[in-house]
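One structure is given here, and the rest of the page talks about it.
Whatever order the structure lists ligands and atoms in, that order sets their numbers, starting from 1. Positions are given from 1, in the same order as the sequence printed here.
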Amino acid sequence: MIVAIDGPAGAGKSTIARSLADRLGITYIDTGAMYRAVALWAIEANIDLDDPFRLEQLAKQARVEFAAPGNQVLLNGEDVTAKIREPRVSDAASKVAAVPGVRRAMRDEQRRIGTGQSLVMEGRDIGTVVFPDARVKIYLDAHPEARAQRRADEIGADVEEIAREMMERDTRDRTRAEAPLSQAPDAEYVDSTGLTLEQVEDAILKIIRARTSNGKSAT
Ligand code: DC
């Protein structure tokens, strides 16, 4: 079973997806971390973010792994969990994610990871491009102010600055030519504004139950 969760930054995707995967006893994959890892490598290797050919090569060579128990992100064997959350990497990741060749490499890798195992995968194009046949698709959204506030609380930064950066990245993610952020026609829309983690999780578990064949089991 694939549970695809897409939506803009700060809607709560990572927290919810991780918690749901735990609860269902299946793998959690944060695809944003994969784009972030490629962006980090590009920054550290001084690769021009306007050079699609070099970025595609990098994306094909990048070995991104998720390590238990803390879901640490490894890039070519190095723990980059903290580094990929830096603002310069956030900005570069949304630029790198607009490159078609990078997206192809990530998509192929994400499909490979999803072969033969159940998982909760979150990102921007999971229900639309990576797993268009996923049985469960959620589009998780929240009001822009709530999303900026959530992110600002998480990283202890100024909310207005975060709101500005987030809007810039979201616009880039929504308007790029290749696999832009959008709600799949068969995705269920969930608005997390003002809801607790438990409330959002309950809403999604209901959707999972309704969409799984016998209606009794979530897996
Ligand atoms: O979810 P996030 O903020 O960690 O994602 C980082 C960037 O990667 C973000 O700008 C959107 C992009 N991304 C994407 O284009 N497709 C995905 N499936 C996941 C993330």
Side-chain angles (χ1 to χ4, degrees), residues 2-18 21 27-43 49 52 55-56 58-59 62 64 66 71-73 75 80-114 119-132 134 137-142 144 146-148 150-155 157 162-184 187 192:
I2 307 275
V3 177
I5 303 184
D6 292 304
K13 296 187 302 297
S14 300
T15 314
I16 291 292
R18 183 175 298 127
T27 302
Y28 159 60
I29 300 291
D30 169 5
T31 61
M34 299 170 72
Y35 287 96
R36 284 172 181 271
V38 172
L40 174 66
W41 197 9
I43 293 171
L49 296 183
L55 291 173
E56 178 176 358
L58 215 64
V64 184
F66 297 94
N71 217 49
Q72 289 94 339
V73 182
L75 168 65
V80 295
T81 316
K83 266 194 201 166
I84 59 166
R85 300 293 157 195
E86 290 171 10
R88 65 187 181 130
V89 180
S90 304
D91 184 57
S94 98
K95 290 179 181 155
V96 160
V99 176
V102 172
R103 299 207 69 82
R104 273 195 299 277
M106 295 293 108
R107 180 201 63 200
D108 291 350
E109 178 61 9
Q110 288 151 13
R111 286 185 181 156
R112 193 191 61 73
I113 296 170
L119 40 84
V120 180
M121 190 177 271
E122 56 113 341
R124 304 292 189 289
D125 62 340
I126 311 308
T128 49
V129 174
V130 181
F131 291 114
K137 297 184 188 179
I138 310 290
Y139 189 87
L140 188 62
D141 202 359
R147 297 196 283 110
R150 190 175 284 150
R151 223 0 103 73
D153 291 346
E154 263 168 28
I155 59 176
I162 294 281
R164 219 175 19 252
E165 286 168 8
M166 203 178 244
M167 175 125 68
E168 203 177 293
R169 287 197 290 130
D170 277 351
T171 303
R172 208 181 285 139
D173 294 339
R174 285 183 215 269
T175 56
R176 65 178 176 231
E178 191 87 6
L181 167 64
S182 70
Q183 182 181 350
S192 69

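Partner of Arg107 under the side-chain contact (heavy atoms from CB on, under 4.5 Å) criterion, out of Arg111, Arg103, Glu109: Arg111 alone. Between Ser90 and the choices Arg169, Arg151, Arg36, the side-chain hydrogen bond (donor to acceptor under 3.5 Å, both in side chains) rule is met once, by Arg36.
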List the steps and the verdict of side chain to side chain contact (heavy atoms under 4.5 Å, CB included) for Tyr35 and Val99.
-> CA-CA 11 Å; Tyr35 287 96; Val99 176; over 6 Å; no

Can Glu168 and Arg172 be said to form a salt bridge (charged side-chain N to carboxylate O under 4.0 Å, His left out), step by step?
-> CA-CA 6 Å; Glu168 203 177 293; Arg172 208 181 285 139; 3.5 Å; yes

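What sits closest to atom 17 (C) of ligand 1 on the protein, heavy atoms only, is Arg124 N, 3.4 Å. Looking from atom 19 (C) of ligand 1 to the surrounding protein, the closest heavy atom is Thr31 OG1, 3.3 Å. Ranking the protein heavy atoms by distance from atom 4 (O) of ligand 1 puts Arg36 NE, 2.6 Å first. Of the protein's non-hydrogen atoms, the one nearest atom 9 (C) of ligand 1 is Asp173 OD2, 3.5 Å. With respect to atom 20 (C) of ligand 1, the closest heavy atom belonging to the protein is Gly32 CA, 3.6 Å. The nearest heavy-atom contact from the protein to atom 7 (C) of ligand 1 is Ala93 CB, 3.9 Å. The protein heavy atom nearest to atom 16 (N) of ligand 1 is Arg103 NH2, 3.0 Å. What sits closest to atom 12 (C) of ligand 1 on the protein, heavy atoms only, is Ala97 CB, 3.8 Å.
Residue contact check for ligand 1: Met166 places no non-hydrogen atom closer than 4.0 Å to it. Residue contact annotation: Arg176 has a non-hydrogen atom under 4.0 Å from ligand 1.
Polar contact with ligand 1: absent for Arg151 (N/O pair, distance under 3.5 Å). Not a single N or O atom of Glu122, backbone or side chain, sits closer than 3.5 Å to an N or O atom of ligand 1. Considering backbone and side-chain N/O atoms, Ser90 never comes within less than 3.5 Å of an N/O atom of ligand 1. Every N/O-N/O distance between Lys13 and ligand 1 stays at or above 3.5 Å. Ligand 1 has no N or O atom lying under 3.5 Å from any N or O atom of Tyr35, backbone or side chain.
Between Asp141 and Gln183 there is no side-chain heavy-atom pair separated by less than 4.5 Å. Ile155 has its side chain within reach of Ile162: a pair of non-hydrogen atoms, C-beta onward, lies under 4.5 Å apart. Between Pro8 and Arg147 there is a side-chain heavy-atom pair separated by less than 4.5 Å. Here the side chains of Leu119 and Val3 are not in contact, with every heavy-atom distance at 4.5 Å or above. Side-chain contact between Tyr28 and Glu122 is present, with heavy atoms from C-beta onward closer than 4.5 Å. Looking at Ile43 and Glu86, their side chains never come closer than 4.5 Å, going by heavy atoms from C-beta outward.
The distance from ligand 1 to the heavy atoms of Arg85 drops below 4.0 Å at these ligand atoms: 4 (O). Counting atoms of ligand 1 from 1 in the listed order, those under 4.0 Å from a heavy atom of Ser94 are 10 (O). Close contacts of ligand 1 with Asp125, meaning ligand atoms under 4.0 Å from a residue heavy atom, involve 16 (N), 17 (C), 18 (N).
Between Lys95 and Asp91 there is a salt bridge, since a side-chain N of the basic residue sits under 4.0 Å from a carboxylate O of the acidic one.
When heavy-atom distances to ligand 1 are checked against a 4.0 Å cut-off, Met106 has no atom that comes that close, whether in backbone or side chain.
From Ile5, atom CD1 reaches atom CG of Asp30 across 11.0 Å, with rounding to the nearest 0.5 Å.
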